[in-house]
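The figures here come from the full heavy-atom set of this structure, side chains too, leaving out hydrogens, waters and symmetry mates. Being a predicted model, the structure only gives us computed values, none of them experimental.
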Amino acid sequence: MSDLILDAAEGVIVPVHLLRDADVEAALGALGDQGRGLAAAQEFKGKAGQVLLVPDAAGAVERVLYGVGQGRASAVRALAAKLPRGTYEIVRKPDDITADEAALAFALGSYRFDRYKKKPDERPRLLARGADVAAVRAMAHACSLARDMINTPPNDMGPLQIETIAREIAEQHGAAITVVTGEGLLEANYPAVHAVGRAAAPGREPRMIEMTWGREGDPVVAIIGKGVVFDTGGLDIKPSAGMRLMKKDMGGAAHALALARMVMAAGLAVRLLVLTPTVENAISGDAMRPGDVLDSRKGLTIEVGNTDAEGRLILADALTRAAEFSPDLTIDLATLTGAARVALGPQLPPFMTDDEALAAAIMAASEATEDPLWRLPLWKGYAEALESDVADLKNDPDAWAQAGAVTAGLFLQRFAPEGAWVHLDIFAWNPKGRPGYPAGGEVMAIRALFRLLQDRYG
């Protein structure tokens, strides 16, 4: 990803003009009759997403006109897929789209997952004069990392691979990292993580990955990501259609590591704690059973009503661990419930918090970064749906409550640290490709969260 955004280039550099609706007529007029004829032949009217490739006498692209309509920087995401290979520079753009925003949108829209293709596609590159290229590259690279992790099949993205990626990030940024694996989870008091992951094959043992970075005394920010590398559903096994995309169930961990990478690359004044409980929810003779009662790090007992509601179990131990650091802010990210998709669809992830100031700041950051989010309530009227007859609570709420995303949030709230906490139920996937958003793994919410952290901690 970093080689697509340039701060210097040699050779032919093709100029790109980003056009609002009001700019189209003048831009076409500057091309003369021949250019107008070309636009007519290609039915180019400068509408949002339309591109006009203007050739020179030899037939090579000499200039690009691209319509952004009344949209913001995200309109540029669709541009890269419409350009032939080469080097381009945006020489004209609306004043309300910054050079950084345009370059980042171009980079995000350039993403392709081609690890398993014999001949990867050659992608266009952008000379981003006037932009903070290092900052754009850092964010684009972090987003690309998360998408690559989500897209990688589970045979190549198991618990060990997530640990390896976390270690590489820690080494790059001078963070400390510890990993507790397998039976060691019981000794270290992560019983719920162990219970969910203990059925996995040798070499794919469950683990708690903990990374710390920053100066002692700075505000502690805890970032937690659900790392279920593959979710069969356990003994409450999913149907094949429901299992098909479960390689993406570690999307929360991928997002947490990507967000942490952004924070460390920017050098924010925080004491960062990153927790990625990482498991495979497999099926074997040692798998947890419906009806089992699990211990948790917090001391609360949990009745397992459904082994397919495993993500909240591993997050419970991670949230309790985070509380031991007395964080100023706790963020957890998880591909947690299908109910969130029923409520808001695949493109709009919900977040939940009882902190009104935090909620307002998140929505402001979401708007500023064009990284869509929507708030769902932690409605206390549904809390009794988590009550168990034999344990302190259960992981499958009573059916009468219906609001599965909200009850999952209420479950996590029982384990969350005191103070500011937000839970994000992300999908991490584009089920249908659209311009600038190819089908497959997608990074959600972390650009907004990074802006939130920048605004909050500088």
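What you find for I150 and A254 is that their closest heavy atoms are CG1-CB, 4.1 Å. A pairwise comparison of heavy atoms in I5 and A103 identifies CD1-O, 3.6 Å as the closest pair. Listed here is the closest heavy atom pair of L452 and L329: CD2-CD2, 4.3 Å. Residues H255 and V443 share a closest heavy-atom pair of NE2-CA, 3.4 Å. When all heavy atoms of N306 and N395 are compared, the pair lying nearest together is O-ND2, 2.8 Å. Minimum interatomic distance between A192 and D317 (heavy atoms only, all atoms of both residues): N-OD2, 2.9 Å.
In R125, the CZ atom is not crowded: 12 or fewer heavy atoms of neighbouring residues, nucleotides or ligands sit closer than 6.0 Å. Within 6.0 Å of NZ in K380 there are more than 12 heavy atoms belonging to other residues, nucleotides or ligands.
Under the 3.5 Å distance criterion, the side-chain polar atoms of T152 are matched with a main-chain donor or acceptor of D148. Formation of a donor-acceptor pair under 3.5 Å by the E280 side chain with backbone atoms of P206 is not found in this model. The closest donor-acceptor contact from the side chain of R447 to the backbone of A445 lies at 3.5 Å or more, if one exists at all. In this structure, the side chain of E370 engages the main chain of S74 through a donor-acceptor pair within 3.5 Å. In this structure a side-chain-to-backbone donor-acceptor pair under 3.5 Å is missing from N151 to F113. The closest donor-acceptor contact from the side chain of T369 to the backbone of A365 lies under 3.5 Å. Side-chain atoms of N430 do not come within 3.5 Å of backbone N or O of G433 as any donor-acceptor pair. Of the possible donor and acceptor atoms, none in the side chain of T278 sits under 3.5 Å from a partner among the backbone N and O of P159. Looking only at distances, a side-chain donor or acceptor of K298 sits under 3.5 Å from a matching main-chain atom of R414. Counting only distance, with no hydrogens or angles, the side chain of R72 and the backbone of E101 share no donor-acceptor pair below 3.5 Å.
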*Verdict with reasoning, V229 to R204, per side chain to side chain contact (heavy atoms under 4.5 Å, CB included)*: CA-CA 9 Å; V229 297; R204 297 175 72 86; 3.8 Å; yes
*D392 and T301: side-chain hydrogen bond (donor to acceptor under 3.5 Å, both in side chains), yes or no, with the steps?*
CA-CA 5 Å; D392 293 315; T301 55; 3.1 Å; yes
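A salt bridge is absent between E387 and K394; no separation between the charged side-chain nitrogens and carboxylate oxygens falls under 4.0 Å. Look at E356 and R375 and you find a salt bridge, because one of the NZ, NE, NH1 or NH2 atoms lies within 4.0 Å of a carboxylate O, short of that distance. With respect to the salt-bridge test (charged N to carboxylate O, under 4.0 angstrom), the residues R20 and D23 do not qualify. Using a 4.0 Å cut-off between charged side-chain N and carboxylate O, E324 and R297 make a salt bridge. Contact check on E442 versus R77 returns a salt bridge, with a Lys/Arg side-chain nitrogen under 4.0 Å from an Asp/Glu carboxylate oxygen. Look at K238 and D308 and you find a salt bridge, because one of the NZ, NE, NH1 or NH2 atoms lies within 4.0 Å of a carboxylate O, short of that distance.
Inspection of the Q70 and D21 side chains reveals an N or O donor paired with an N or O acceptor under 3.5 Å. Of the N and O atoms on the side chains of D295 and Y190, not one donor lies less than 3.5 Å from an acceptor on the other residue. In this model, a donor atom of one side chain and an acceptor atom of the other lie less than 3.5 Å apart for T337 and D425. Side-chain contact of D354 with W421: a donor-acceptor pair under 3.5 Å is absent, judged by distance alone.
Within the 4.5 Å cutoff, the side chain of L424 has heavy atoms near those of the I331 side chain.
The stretch residues 430-458 participates, sequence neighbours left out, in no ring-ring contact (aromatic ring centres under 6.0 Å, His included) pair at all. For residues 389-419, the pairs satisfying ring-ring contact (aromatic ring centres under 6.0 Å, His included) are F411-F415, with sequence neighbours left out.
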Can you list, pair by pair, the side-chain donor-acceptor contacts under 3.5 Å of residues 165-173, counting residues two or more places apart and other chains?
unit_1: R167; atom_1: NE; unit_2: E163; atom_2: OE2; d: 3.0
unit_1: R167; atom_1: NH2; unit_2: E163; atom_2: OE2; d: 3.2

Under 3.5 Å, side-chain donor or acceptor atoms of residues 261-275 against the rest of the protein: list the pairs with distances, not counting sequence neighbours.
unit_1: R261; atom_1: NH2; unit_2: H141; atom_2: ND1; d: 3.4
unit_1: R271; atom_1: NH1; unit_2: G214; atom_2: O; d: 2.5
unit_1: R271; atom_1: NH2; unit_2: E216; atom_2: OE2; d: 3.1

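In this structure, CE in M444 is found 9.0 Å from CG in D371, a value given to the nearest 0.5 Å. Here the CZ-OG1 distance, from F427 to T335, works out to 9.5 Å after rounding to the nearest 0.5 Å. Distance CE/M352 to CG/L376: 5.0 Å, rounded to 0.5 Å. Interatomic distance, D236 CG to N281 CG, rounded to the nearest 0.5 Å: 9.5 Å. For the atom pair NZ of K248 and CG of D231, the computed distance is 10.0 Å after rounding to the nearest 0.5 Å. Interatomic distance, D398 CG to E384 CD, rounded to the nearest 0.5 Å: 8.5 Å.
Residues meeting the ring pair (Phe, Tyr, Trp, His ring centres under 6.0 Å) test with F351, sequence neighbours left out: none. Under the salt bridge (charged side-chain N to carboxylate O under 4.0 Å, His left out) criterion, E310 pairs with K226, sequence neighbours left out.
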